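To start, the structure itself, in structure tokens.
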Amino acid sequence: MPNAPRPTRIAIIGAGYVGATTAYTLLASGAVSEIVLIDSDHARAEGEAMDLNHAVPLMRPARVWAGDYADCAGAVVTIIAAGSGQEPGETRLDLVGRNAEIFREIVPRIVSHNPEGILLVATNPVDVLTHLTWKLSALPREQVIGSGTVLDTARFRHRLSWHFGVDPRSVHAHIIGEHGDSEVPVWSLANIAGMRLPDYCAANSVVLDEPTMRELFEQTRRAAYDIIARKGATYFAIAAALRRIVEAILRDEHTLLTVSSPVSGYLGVEDVSLGVPAVVGRQGVERLIALDLSPDELARFAASAATLTRTLAALPPS
Ligand SMILES: NC(=O)c1ccc[n+]([C@@H]2O[C@H](COP(=O)([O-])OP(=O)(O)OC[C@H]3O[C@@H](n4cnc5c(N)ncnc54)[C@H](O)[C@@H]3O)[C@@H](O)[C@H]2O)c1
């Protein structure tokens, strides 16, 4: 059958909480036909694949298996979720040494089998590891994507939606910069129904004062710490974020998502990867949207980029 469509394969490196939950979320979406799980703990990947396969008769047809790097061949997207997560009290940047070493091992192995596919990084610190992946892979920058601040943006919209009492999908507000402590809320451009927040508040008798804004952002920024202190890891929302990015790629949606992307000359920032609004489609990151930030937001974005630049510079040589 020369014209038979190729199956839509997604490879996931790291079948831990994030990798396995993402596999389940992709399976439930029905958008993919093959999911291969690759983990240095092969038994764990096998166990997850068995469990996931038993859900297939209750969902949509798909093939799920525990494989090896050779199975990355032909994957439209390879998701990297391998490595350590934060222990209670640890920052994401604390993970960099351990996880950079893992990336030096796995990225060349993925690319040797699949130089055409898109690499989607979830492991923390995601921005530093996205940049490292770009350098290690030598792929065009549009092909290397980090989950960036897609999750933080969802958390922010969720907090705002509670405050305003509207569907979070109707709240347009972004977090940019590091997926971590230096991330930046773009209050100046946030809107509901096309109305900037001060106008929306005035028209709808809602109060949004400085202490409330600080608290809504703090709840967003410290969400991972609050969840990890209670249940040890976060995985549902990141899995939904990864599914959203994969869907934007598979469906060539040209959707605007605050993924982490290697930037050069973006709002004065050079040679670092960080969360910025990007148009995502079948080729990966098609272009970046330069936001018209307030002077304070611009300064905070530059500071966030500087934090990441310092962390990259301090990476031990391979
Ligand atoms: N980007 C985000 O928004 C976001 C959100 C949540 C978690 N994370 C990050 O995702 C990563 C994974 O978190 P988790 O909770 O799934 O951790 P986990 O410990 O449950 O899973 C990690 C998996 O990686 C595997 N692994 C380790 N070294 C490997 C190697 N060299 N090759 C292949 N597999 C290897 C382990 O065997 C394990 O199964 C962490 O870095 C975490 O901080 C990112």
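If you're wondering where the values come from, they're calculated on a predicted model, not measured in any experiment. First listed ligand is number 1; within each ligand, the first listed atom is number 1. Start at 1 with the first residue, then count along the sequence.
The only member of Val121, Val144, Leu129 that meets side chain to side chain contact (heavy atoms under 4.5 Å, CB included) when paired with Trp134 is Val144. With His179 as the fixed residue, the side-chain hydrogen bond (donor to acceptor under 3.5 Å, both in side chains) test singles out one of Thr130, Asp152, Thr149: Asp152.
Here the shortest heavy-atom distance to atom 8 (N) of ligand 1, taken over Asn124, Leu151, Ile12, belongs to Asn124. Nearest residue to atom 44 (C) of ligand 1 from Ala122, Ala154, Ala20, Ser40 is Ala122 (criterion: closest heavy atom). Scanning Val126, Thr22, Ile227, Thr123 for the heavy atom closest to atom 11 (C) of ligand 1 points to Thr123. Selection from Ile106, Leu37, Thr21 by nearest heavy atom to atom 32 (N) of ligand 1 gives Ile106.
Ring geometry, Phe301 versus Tyr266: the interplanar angle exceeds 60°, so the pair is classed perpendicular (tilted spans 30 to 60°).
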Show the numbers, then the answer: is there a salt bridge (charged side-chain N to carboxylate O under 4.0 Å, His left out) between Arg310 and Glu178? CA-CA 12 Å; Arg310 277 194 302 276; Glu178 179 199 2; over 6 Å; no
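Close approach to Glu105 involves these atoms of ligand 1, each under 4.0 Å from a residue heavy atom: 31 (N). Set against the non-hydrogen atoms of Asp41, the atoms of ligand 1 under 4.0 Å away are 37 (O). Atoms of ligand 1 found under 4.0 Å from any heavy atom of Asn99, numbered from 1 in the order shown, are 41 (O). For ligand 1 and Ile102, the ligand atoms under 4.0 Å from any heavy atom of the residue are 28 (N), 30 (C), 31 (N). With ligand atoms numbered from 1 in the order given, ligand 1 contributes 12 (C), 17 (O), 22 (C), 24 (O), 26 (N), 27 (C) to contacts under 4.0 Å with heavy atoms of Gly83.
Ranking protein heavy atoms by distance to atom 20 (O) of ligand 1, first place goes to Tyr17 N, 3.0 Å. Closest to atom 21 (O) of ligand 1, if we only count protein heavy atoms, is Gly16 CA, 3.2 Å. Val18 CG2, 3.5 Å is the protein heavy atom nearest to atom 7 (C) of ligand 1. Scanning all protein heavy atoms for the shortest distance to atom 3 (O) of ligand 1 gives His179 NE2, 3.0 Å.
Using modelled atom types, one finds a donor on one side chain and an acceptor on the other under 3.5 Å when comparing Ser304 with Ser182. Thr258 and Thr153 share a donor-acceptor pair across their side chains, judged by distance under 3.5 Å alone. A donor-acceptor pair shorter than 3.5 Å cannot be found between the side chains of Asp71 and His113.
With a 4.0 Å heavy-atom cut-off, ligand 1 is reached by the backbone of Asp39 and by its side chain too. At a heavy-atom cutoff of 4.0 Å, ligand 1 is contacted by both the backbone and the side chain of Thr234. Of the heavy atoms in Arg92, none comes closer than 4.0 Å to ligand 1. Looking at Ala81 against ligand 1, only its backbone comes within 4.0 Å, counting heavy atoms.
An N or O contact shorter than 3.5 Å links Ser84 to ligand 1 by distance.
Classification of Glu218 and Arg221 as a salt-bridged pair holds, one side-chain N sitting under 4.0 Å from a carboxylate O. Ionic pairing of Glu105 and Arg98 is not present here: no N-O contact between side-chain nitrogen and carboxylate oxygen is shorter than 4.0 angstrom. With respect to Glu116 and Arg282, no salt bridge is recorded, no charged nitrogen being found less than 4.0 Å from a carboxylate O. A salt bridge does not link Arg104 to Glu101: none of the charged side-chain nitrogens sits closer than 4.0 Å to a carboxylate oxygen.
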